[in-house]
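Comments concern the structure below.
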Amino acid sequence: MNSELVVYRKKSNAVKLAALRDTCKTTRHYRTLNATFEGLCRSTLFQDITIHDPTDWLVSHQTEDQTFMDWNRSYRGVKSSKSVIYIQPLGWFTDHRAHLLTWLQKFCSAFYYGVNVQVMPVVPLEKLQCGTRINPSTQRCQLNARDIIEFLKRKRKSNSLCTIAVTMVDLYPRETWNYVFGLASLTNGVGVFSFARYSERFNDVPAETDSLRNYEDWSVSGKLLWRACKVMTHELGHMFGMQHCVYYNCAMNGSNHLQESDRRAGHLCPICLRKLHEALKFDLVERYGAMLRFCEGAVTKSAPLAEFRSLGAWLRAAIEFLEKQKQRQQIKHR
């Protein structure tokens with residue numbers, strides 16, 4: 001990365017404040033909500049997006065702003081009959097990899113606070129009946145993501161809010177593409193995502209004849225867990241109708257490559273948080289508290305991982321800010 005190319009994608013505070021307001025509802029409850037999110041927007045908790053390279057997302061994509069009101073007009077809401085997020089593992093997730101699924105489930109449960117997140121039994125790759133190929137650039141075996149989408153559509157449960165398949169094998173969407181991190185059908189509420197390129201071992205020189213079995217012994221590091229949790233919550237955000245964020249460094253930023261994905265925040269900006277809050281109606285402090293407990297290891301009953309330390313510190317600061325803001329609002333309304 002060339003440091004001389006670092007610039008800021010900066011939007012004025014007026015634009016950001018307008019983007020998060022609910023201009024239709026005028027009850028005291030919604031006026032208070034507007035004030036809460038406006039307070040977050042004016043705080044120092046959230047950073048602008050940085051562009052480090054000509055291949056970064058905002059340089060190569062025409063990404064439109066999606067305000068809260070834009071989102072609210074198009075989002076259909078969560079039906080009580082479709083209330084479960086299913087994580088469908090594909091391939092080898094036993095023994096040394098089983099904790100990856102636990103971490104994904106626990107982190108998603110905190111991030112999408114109040115939603116039931118369940119892990120499905122592992123589906124062996126041979127039962128997918130999907131196309132495979134050897135990637136000409138990496139010489140690694142890949143799975144056809146479109147075939148997996150069709151498999152998920154056939155197997156989707158009636159109470160599924162969405163079903164997300166995860167695999168450690170690299171993916172491709174069609175023969176003309178080199179690879180894809182993931183693929184989703186928003187209308188059908190299904191998607192598949194690969195963590196192969198998030199592994200430090202992906203760039204190792206593969207065996208002379210690569211096969212699916214060569215992915216089997218890849219270990220799960222703290223860095224892979226952090227990357228996996230971020231990509232999972234990002235892609236689930238699309239299932240809740242959120243487009244790529246252009247306002248702040250946010251969990252919903254688009255990314256074209258691994259370095260850009262690593263720079264993406266593990267939390268939502270005030271505008272995207274407003275959208276998710278409207279969908280799920282959680283308490284902001286309770287949700288941040290659940291995420292903090294995860295980062296500190298209380299939820300997984302394990303030692304905190306260094307990769308989650310920065311997010312934990314940010315969450316403590318956000319909780320402190322919201323609690324002080326609530327106290328000021330209570331004094332104001334006495």
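A distance-only check finds no donor-acceptor pair linking the side chain of R174 to the backbone of N144 [under 3.5 Å]. Here the side chain of K230 pairs a donor or acceptor atom with the backbone of D262 at under 3.5 angstrom. No donor-acceptor pair under 3.5 Å is formed between the side chain of S261 and the backbone N or O of H257. Panel note: side chain Q66, backbone C245; no donor-acceptor pair is recorded below 3.5 Å. Remark: side-chain polar atoms of R156 are paired, donor with acceptor, to backbone N or O of S160 under 3.5 angstrom.
A cation-pi contact, defined as under 6.0 Å to the ring centre and within 45° of the axis, links R133 to Y172. Judged by the 6.0 Å distance and 45° axis criteria, K223 is not positioned over the aromatic ring of Y198.
Screening D170, N178, T132 for a side chain to side chain donor-acceptor pair (under 3.5 Å) with Q142, the sole residue that qualifies is D170.
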L101 and V166: CA distance, side-chain angles, deciding distance, side chain to side chain contact (heavy atoms under 4.5 Å, CB included) verdict
CA-CA 9 Å; L101 299 177; V166 296; 4.1 Å; yes
Which is it for F308 and F294 under the ring-ring contact (aromatic ring centres under 6.0 Å, His included) test, yes or no, and what are the steps along the way?
CA-CA 9 Å; F308 290 83; F294 176 92; 5.5 Å; yes
Can you list the steps and then say if N72 with R274 is a side-chain hydrogen bond (donor to acceptor under 3.5 Å, both in side chains)?
CA-CA 10 Å; N72 203 27; R274 182 73 193 268; over 6 Å; no
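A salt bridge does not link E323 to K326: none of the charged side-chain nitrogens sits closer than 4.0 Å to a carboxylate oxygen. A salt bridge links R21 with E38: at least one charged nitrogen is closer than 4.0 Å to a carboxylate oxygen. Ion pair R316/E296 flagged as a salt bridge, since at least one NZ, NE, NH1 or NH2 atom sits closer than 4.0 Å to an Asp/Glu carboxylate oxygen. Note on D48 versus K16: salt bridge recorded, some NZ/NE/NH1/NH2 to OD/OE distance being below 4.0 Å. Salt-bridge check for E320 with K324: passed, with a basic side-chain N closer than 4.0 Å to an acidic carboxylate O. In this structure, R263 does not pair ionically with D53, as no charged nitrogen and carboxylate oxygen lie closer than 4.0 Å.
A perpendicular orientation is assigned to the rings of W314 and F46, their planes being inclined by more than 60° (bins at 30° and 60°). Taking the six-membered ring where tryptophan is involved, the planes of Y179 and F181 are perpendicular, since the angle between them exceeds 60° and thus also 30°. Between H244 and H238, the ring planes are perpendicular. Angles over 60° get that label, and only those under 30° would be called parallel.
Between L20 and K275 the shortest side-chain heavy-atom distance does not fall below 4.5 Å. No side-chain heavy atom of M232 sits less than 4.5 Å from a side-chain heavy atom of C229. A heavy-atom distance below 4.5 Å is not found between the side chains of V192 and I164. Within the 4.5 Å cutoff, the side chain of H277 has heavy atoms near those of the L33 side chain. Side chains of V84 and V117 form no contact here, defined as non-hydrogen atoms less than 4.5 Å apart.
Aromatic ring centres of W71 and F240: separated by at least 6.0 Å. Aromatic rings from H267 and F111 are positioned such that their centres are separated by 6.0 Å or more.
Remark: H61 pairs with no residue by the side-chain hydrogen bond (donor to acceptor under 3.5 Å, both in side chains) rule, at least two apart or across chains.
Between L305 and G222 the shortest heavy-atom distance is CD1-CA, 4.1 Å. Taking every heavy atom of both residues into account, Y75 and A279 meet most closely at CE2-CB, 3.7 Å. Q88 approaches T163 most closely through the heavy-atom pair CB-CG2, 4.2 Å. Scanning both residues, T233 and C108, for their nearest heavy atoms gives CG2-SG, 4.2 Å.
By the criterion of side-chain heavy atoms lying less than 4.5 angstrom apart, applied directly or through intervening Ile, Leu, Val, Met, Phe, Trp or Tyr residues, I149 is grouped together with V180 in one hydrophobic cluster. Cluster membership for V169 and W177, using ILVMFWY side-chain heavy atoms within less than 4.5 angstrom, is not shared. A continuous path of ILVMFWY side-chain contacts below 4.5 Å connects L45 to I319, so both sit in one hydrophobic cluster. Cluster membership check: Y112 shares its hydrophobic cluster with V119, using side-chain heavy-atom separations under 4.5 Å among Ile, Leu, Val, Met, Phe, Trp and Tyr.
Here the straight-line distance linking atom CG of L58 with atom CD of E260 works out to 7.0 Å at 0.5 Å rounding. Going from atom CZ of F37 over to atom OG1 of T32 covers 12.0 Å, rounded to the nearest 0.5 Å.
Judged by distance alone, the side chains of H52 and T50 do bring a donor and an acceptor atom under 3.5 Å apart. No side-chain donor-acceptor contact under 3.5 Å links Y86 and N116.
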